[in-house]
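Following: one structure in structure tokens, then a few remarks.
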Amino acid sequence: MQSKYQDDALEALASVVQDGMTIAVGGFGLSGNPTRLIHALRETGAKDLTIVSNNMGIDGKGLGILLENRQVSKVIASYVGENSLFAQQYLSGELEVEFSPQGTLAERLRAGGVGIPAFFTATGVGTDIAEGKEEQVFNGQRSIMEKGIRADIALVKAHTADTEGNLRYRKTAMNFNPLAAMSGEFTLAEAEHVLDDFVDPDQVHTPGIFVQALVDADPVKEIENVTVRSLQEVAS
């Protein structure tokens with residue numbers, strides 16, 4: 001079989017990324033973030049990027065490190081409330097933001113991945129989200145048109161992969177990762193476990209046809225909010 005595995009995440013990404021690209025990134029909060037690939041993207045120094053992701057991580061972690069490095073000019077996301085630097089850059093006019101309802105964003109990525117240029121949804125009708133968008137009525141229900149998202153590059157995190165790029169996700173990493181993977185013209189995945197054999201076909205979440213390169217995942221999993229009990233609570 002043809003191996004898509006590469007040893008060097010920075011080299012794999014630097015060979016394809018360019019300034020001004022649109023990059024879709026899997027994850028929800030810090031859960032399922034392709035941490036190693038995000039760090040590699042920072043190291044490439046690529047600028048004027050449009051990032052498509054459910055959210056932009058937190059200050060100093062996840063996609064937040066790209067904001068710190070002033071590499072992002074536009075964000076398409078559904079939630080950004082955990083990142084104070086994001087707010088500062090947006091309010092200063094440094095960062096353009098396109099908000100998309102969470103389900104709509106998921107469908108826009110999926111639509112882009114399967115070649116659907118646009119679709120209609122009732123979500124957002126009558127709100128600021130609908131401003132400037134085509135509206136039609138279906139079965140008496142007002143709906144607005146949303147465009148599918150086709151990213152230049154997609155970065156995703158998987159639990160298990162084989163060297164042909166077949167991916168399996170685990171638990172909450174099964175959030176935006178499969179959708180982001182489909183949307184990319186060039187998809188890079190990092191995986192915690194890379195098998196010598198094939199992933200069981202019945203267990204594949206993202207077929208290798210959607211994946212162009214694969215690297216080992218960062219073994220460190222960042223935690224967004226750490227909550228622990230006090231020693232007194234444990235003792236009692």
Side-chain angles (χ1 to χ4, degrees), residues 1-28 30-46 49-54 62-63 65-66 71 106 109-116 148-222:
M1 61 183 180
Q2 181 180 2
S3 177
K4 297 177 181 177
Y5 177 81
Q6 298 189 39
D7 292 316
D8 192 318
L10 176 57
E11 182 179 327
L13 188 53
S15 66
V16 293
V17 72
Q18 298 179 23
D19 292 350
M21 279 188 163
T22 294
I23 301 182
V25 184
F28 189 103
L30 297 181
S31 177
N33 265 189
T35 305
R36 187 179 182 196
L37 290 170
I38 292 172
H39 280 264
L41 181 56
R42 180 183 63 178
E43 294 304 310
T44 68
L49 300 175
T50 294
I51 300 295
V52 183
S53 182
N54 179 68
L63 290 166
I65 65 174
L66 301 182
Q71 291 176 259
L109 288 166
R110 190 199 71 85
V114 297
I116 296 174
I149 294 174
R150 189 65 174 162
D152 297 302
I153 294 174
L155 308 178
V156 299
K157 165 75 177 292
H159 179 262
T160 306
D162 57 40
T163 56
E164 278 204 348
N166 296 301
L167 308 179
R168 177 171 176 77
Y169 310 99
R170 181 174 181 268
K171 297 187 177 181
T172 49
M174 186 71 178
N175 42 55
F176 278 83
N177 278 300
L179 304 167
M182 294 173 66
S183 75
E185 293 283 353
F186 191 99
T187 294
L188 293 92
E190 61 177 72
E192 295 180 38
H193 304 280
V194 180
L195 307 179
D196 293 327
D197 200 357
F198 291 105
V199 175
D200 183 338
D202 290 333
Q203 302 297 316
V204 171
H205 293 140
T206 294
I209 192 171
F210 289 109
V211 179
Q212 282 68 51
L214 172 71
V215 299
D216 290 312
D218 190 328
V220 177
K221 295 183 180 180
E222 296 176 327

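If you read the sequence from its start, that first residue is 1, and numbering goes on from there.
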Close side-chain approach of Met182 and Leu109, heavy atoms under 4.5 Å: no
### Query
Do Asp216 and Arg36 come within less than 4.5 Å of each other through their side chains, counting heavy atoms only?
yes
In this structure, CG of Leu13 is separated from CG of Leu155 (nearest 0.5 Å) by 6.0 Å
Student check: side-chain heavy atoms of Pro34 and Ile38 closer than 4.5 Å = yes
> In terms of heavy-atom contacts, does CD1 of Ile116 have more than 12 from other residues, nucleotides or ligands at under 6.0 Å?
Replying inline: yes
Rounded to the nearest 0.5 angstrom, the CG-CG distance for Leu49 and Leu41 is 5.5 Å
Arg168 and His205: side-chain donor and acceptor closer than 3.5 Å?
yes
Quiz prompt | Val52 vs Val25 side-chain heavy atoms within contact, under 4.5 Å | solution = no
Taking every heavy atom of Ala154 against every heavy atom of Ala180, the minimum-distance pair comes out as CB-O, 3.1 Å
Intermediate values then yes/no, side chain to side chain contact (heavy atoms under 4.5 Å, CB included), Val194 and Leu214
CA-CA 9 Å; Val194 180; Leu214 172 71; 4.0 Å; yes
Rounded to the nearest 0.5 Å, the CD atom of Glu190 sits from the CG atom of Asn177 at a distance of 9.0 Å
Rounding to 0.5 Å, atoms OG (Ser53) and CG (Asn33) come to a distance of 6.5 Å
Do Val199 and Leu167 have side chains that approach each other closer than 4.5 Å (heavy atoms only, starting at C-beta)? no
key: Check ion pair Glu164-Lys4 (N to O, under 4.0 angstrom)   = no
State whether the side chain of Ser31 and the backbone N or O of Phe28 hold a donor-acceptor pair below 3.5 Å, judged by distance alone.
no
For Ala24 and Ser183 the tightest heavy-atom approach is CB-OG, 3.6 Å
* Asked: Would Thr163 and Asp196 satisfy side chain to side chain contact (heavy atoms under 4.5 Å, CB included), going step by step from the backbone distance to the final call?
  -> CA-CA 7 Å; Thr163 56; Asp196 293 327; 6.0 Å; no
Exercise. Are Tyr169 and Thr206 close enough that a side-chain donor and a side-chain acceptor fall under 3.5 Å?
Worked result: yes
Fill in: Chi angles and distances behind the side chain to side chain contact (heavy atoms under 4.5 Å, CB included) call for Val17, Ile153
CA-CA 8 Å; Val17 72; Ile153 294 174; 3.9 Å; yes
Quiz item: Can you tell me if Asp218 uses its side chain to pair, donor with acceptor, with the backbone of Thr35 under 3.5 Å?
Solution: no
For Gly208, does its backbone N or O pair with a side-chain atom of Asn166 as donor and acceptor, under 3.5 Å?
-> yes
Taking every heavy atom of Ala191 against every heavy atom of Ala161, the minimum-distance pair comes out as CB-CB, 3.7 Å
Expected output: side-chain Thr187 to main-chain Ala181 donor-acceptor under 3.5 Å:
yes
### Message
Are Leu188 and Gln212 packed together at the side-chain level, in the sense that at least one heavy-atom pair is separated by less than 4.5 angstrom?
### Response
no
Checklist entry - Side chains of Asp197 and Asp162: does their closest heavy-atom pair fall under 4.5 Å? => result no
### Query
Do Thr22 and Ile51 have side-chain heavy atoms sitting under 4.5 Å apart?
no
Rounding to 0.5 Å, atoms CD (Gln6) and CD (Glu11) come to a distance of 6.5 Å
Original post:
Can you check whether Thr44's main-chain N or O pairs, donor with acceptor, with Gln71's side chain at less than 3.5 Å?
Top reply: no
query: Given Phe186 and Asp152, is the side chain to side chain contact (heavy atoms under 4.5 Å, CB included) satisfied, shown in steps?
result: CA-CA 6 Å; Phe186 191 99; Asp152 297 302; over 6 Å; no
Nearest heavy-atom approach of Val211 to Ala189 is CG1-CB, 4.3 Å
- With distance as the sole test, does Glu192 use its side chain to make a donor-acceptor pair with the main-chain N or O of Ala217 at under 3.5 Å? no
Exercise. Might you confirm whether atom CZ of Phe210 has over 12 heavy atoms from other residues, nucleotides or ligands at distances under 6.0 Å?
Key: yes
